[in-house]
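To keep things clear, I will list the structure first and then write my remarks on it.
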2 protein chains.
Amino acid sequence: MQARASITDVARLAGVSTGTVSNVLNHADRVRPATLAKVTRAIEALDYQPNANARTLAAGSSRLTGLILPDLGNSFFVDVARGAEAAAEEAGHVLMIAHSDGRLEREQRYLKAFDEERASGVLLGLNDDDHFTALLGSLGRRLPTVSVNLSVPSALSCSVSADNEHGAYLATCHLAGLGRQRLAFVGGPLGLRPIRHRAAGFDRAVKEHAIEHVRTVDPAGVSRADGWSAGQELADDARAGRIDGIVASTDLLAVGVVQALQMAGVAIPGDIAIVGYDNNQATWNSPVAITTVQQPGEAIGRVAMRLLLKEIADGSTHAHETAILEPTLVVRASTVG
Amino acid sequence: MQARASITDVARLAGVSTGTVSNVLNHADRVRPATLAKVTRAIEALDYQPNANARTLAAGSSRLTGLILPDLGNSFFVDVARGAEAAAEEAGHVLMIAHSDGRLEREQRYLKAFDEERASGVLLGLNDDDHFTALLGSLGRRLPTVSVNLSVPSALSCSVSADNEHGAYLATCHLAGLGRQRLAFVGGPLGLRPIRHRAAGFDRAVKEHAIEHVRTVDPAGVSRADGWSAGQELADDARAGRIDGIVASTDLLAVGVVQALQMAGVAIPGDIAIVGYDNNQATWNSPVAITTVQQPGEAIGRVAMRLLLKEIADGSTHAHETAILEPTLVVRASTVG
DNA sequence: TTGTATGCGTTATCAA
DNA sequence: TTGATAACGCATACAA
């Protein structure tokens with residue numbers, strides 16, 4: 001806990017001015033090799049660590065970048081973090097993550113923290129449209145921000161998200177391609193926009209392939225328990241052969257459905273083929289491996305960080321962009337035995 | 001992207017000095033209600049956000065606290081983050097998380113970043129003793145640090161970790177209590193200290209209960225695939241009744257073992273009762289729910305943050321502390337059918 | 001190529 | 001209770 005050396009200490013020990021030390025730190029080319037060596041030696045002798053606060057204050061810009069995430073337990077967001085971190089590192093920026101737990105109050109708290117630290121920008125991971133609206137006011141158009149996961153009007157902000165409509169479309173086409181003709185859709189809360197988009201993709205594929213949308217089950221949540229009850233609702237139709245395929249709007253729902261149906265004597269994928277959504281690690285040990293839609297989490301993080309860095313570089317001339325990335329289908333045993 | 005208002009702007013608009021504005025920000029009691037109202041109004045009119053960099057520079061202390069984690073995909077570390085965050089929030093500190101991916105180079109990078117930001121302290125989550133040694137030099141005793149997950153000599157640093165020996169002891173006693181007499185231990189790389197401790201706890205319980213330690217299987221890693229091959233190795237003994245219980249050093253190993261044994265016609269828990277370790281979410285969908293040892297992740301995070309804040313407050317009078325928290329047993333179907 | 005001086009936005013000390 | 005002013009550590013014109 002010795003006192004920290006400052007740039008002045010380094011300058012004194014090296015026998016140069018503070019300006020020169022600053023130059024070896026930021027513009028090594030502007031300084032003669034001999035003095036550079038002298039200064040470098042002093043820096044090491046004193047174990048000097050530049051003060052980022054002073055630097056940010058004087059330079060008016062920072063290398064700190066933030067990422068606010070709603071759910072670290074969701075491997076999708078962890079992927080986003082990986083991608084964002086990689087892109088930040090390439091650009092010489094430092095990424096720090098804050099965990100909001102999906103609570104508006106914490107999102108505000110951390111947004112404010114990054115703002116007060118004068119971070120160069122922040123990636124905002126939200127699950128709920130309303131939160132974006134609420135935060136819009138409190139970030140008052142000064143801190144460059146990119147919305148990840150939620151697509152927002154480009155008049156308001158950059159955003160990067162996955163094409164949920166297309167993902168569900170892919171999943172449904174997959175079933176159609178396997179000859180399934182009578183499908184059910186197991187939704188989640190249609191209040192969540194991503195879920196609505198998935199339902200829309202399902203509908204489009206059903207129409208395009210001229211197959212039958214037998215019924216929709218709309219559980220209260222997206223957990224395995226919700227899937228379990230949805231599966232019980234569907235058991236009769238399944239046994240009677242009135243449906244032969246299911247698209248579930250999340251993997252957890254799919255797992256629950258599978259368990260309920262197997263309990264009811266339905267063979268998977270023999271009688272019923274089923275597709276989930278998210279490629280959630282939490283389902284990797286399901287008795288029947290679930291075919292699913294993989295969100296491009298890492299790509300989302302990467303692209304979002306690039307957009308953010310661009311916005312930072314552009315300054316006031318910046319025009320917001322919206323990127324929507326395509327998910328991919330991961331085929332497993334729940335559709336092809 | 002309008003220019004940000006500074007404390008000077010606020011002072012001018014309110015018709016007071018910057019010192020007074022600073023007082024309403026930090027010592028509201030020292031200022032007359034009337035002027036407080038005036039200043040508050042000015043702050044809101046200008047949408048003023050204090051500059052944390054300037055504050056840290058002038059005050060010589062910060063409210064920023066860091067947490068470096070090796071694996072966001074591991075629910076244990078996510079729990080640690082939750083606990084640390086809660087304790088930080090209670091103390092009015094802000095927690096920012098950096099993801100090192102277990103790579104020393106990144107651990108160094110982020111440690112340096114927190115140091116340069118003059119964070120008040122950092123929680124260092126490591127998996128490998130060698131990394132701690134390597135980092136010890138580069139953090140040079142200035143930035144208050146608490147090691148989470150890895151217990152280190154209290155001469156070097158505070159640390160908070162789980163009692164791995166006791167956890168495995170609990171697991172083994174559980175089997176003994178169920179009447180199991182002939183146990184096998186499925187280890188992992190004994191190069192990792194936590195694994196060695198788990199093996200030691202197993203041994204102690206075996207001796208205490210005077211039951212038999214039939215054999216140890218020592219796979220190369222801790223993945224499910226490693227468990228699978230371990231299970232195959234054990235299949236003959238299991239079928240022949242030469243063993244009736246297994247303690248695995250991780251849940252993933254346990255899942256693999258279960259799958260291999262079931263494949264070989266062994267009934268679980270009828271023929272073999274098996275306990276895992278970690279309460280890993282990734283195994284929640286195992287065909288047989290795995291009895292496991294739950295690490296007190298959230299408590300570790302909480303305690304670690306409290307120790308850190310104490311160290312910060314203590315200053316140079318600080319003496320490092322070592323906390324070792326007790327895990328708990330979570331009983332599931334793999335031991336009690 | 002290097003040194004000097006000024007300012008970045010705050011806090012804290014000391015007078016008033 | 002408030003105001004003036006000197007740090008805090010650094011970057012950056014500008015001068016030499």
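Lettering of chains follows the sequences in order, A, B, ..., and the numbering in each one begins at 1. Basis for what follows: all heavy atoms, side chains included, without hydrogens, waters or symmetry-related copies.
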inquiry  = For a quick test of reading the model, state the closest non-hydrogen atom pair linking Leu95(A) to Ala81(A) and the distance between them.
reply    = CD2-O, 4.1 Å

key: Footprint string (nucleotides 5-16 of chain D, 5' to 3'): B base within contact, S backbone only, - free, heavy atoms under 4.0 Å   = ---BBBBB----

query = So, are Asp115(B) and Lys112(B) salt-bridged, with charged N and O less than 4.0 Å apart?
reply = no

remark   = Between its two end axes (five pairs each) the helix from dT1(C)-dA16(D) to dA16(C)-dT1(D) turns, nearest 10 degrees, through 40°

request  = Check whether any side-chain N or O of Asp101(A) sits under 3.5 Å from a backbone N or O of Arg103(A) as a donor-acceptor pair, and report yes or no.
outcome  = no

remark   = Heavy-atom nearest pair, Pro50(B) first then Arg118(A), reads O-NH1, 3.4 Å

Asn53(A) (side chain) donor-acceptor with Glu117(B) (main chain) under 3.5 angstrom = yes

message = Atom NZ of residue position Lys38(A) - does it have more than 12 heavy atoms of other residues, nucleotides or ligands inside 6.0 Å?
response = yes

inquiry  = Quick check against the 3.5 Å criterion: does Ser159(B) have a side-chain atom that pairs as donor or acceptor with the backbone of Val152(B)?
reply    = yes

inquiry  = Could you tell me how far apart Arg30(B) (CZ) and dT1(D) (C1') are, to the nearest whole angstrom?
reply    = 11 Å

request  = Could you point out which residue of Ile300(A), Leu72(A), Asn149(A) forms a side chain to side chain contact (heavy atoms under 4.5 Å, CB included) with Phe77(A)?
outcome  = Asn149(A)

inquiry  = For a quick check of understanding: with a heavy-atom distance under 4.0 Å over all strands, which category does Thr56(B) fall into, base, sugar-phosphate or nothing?
reply    = nothing

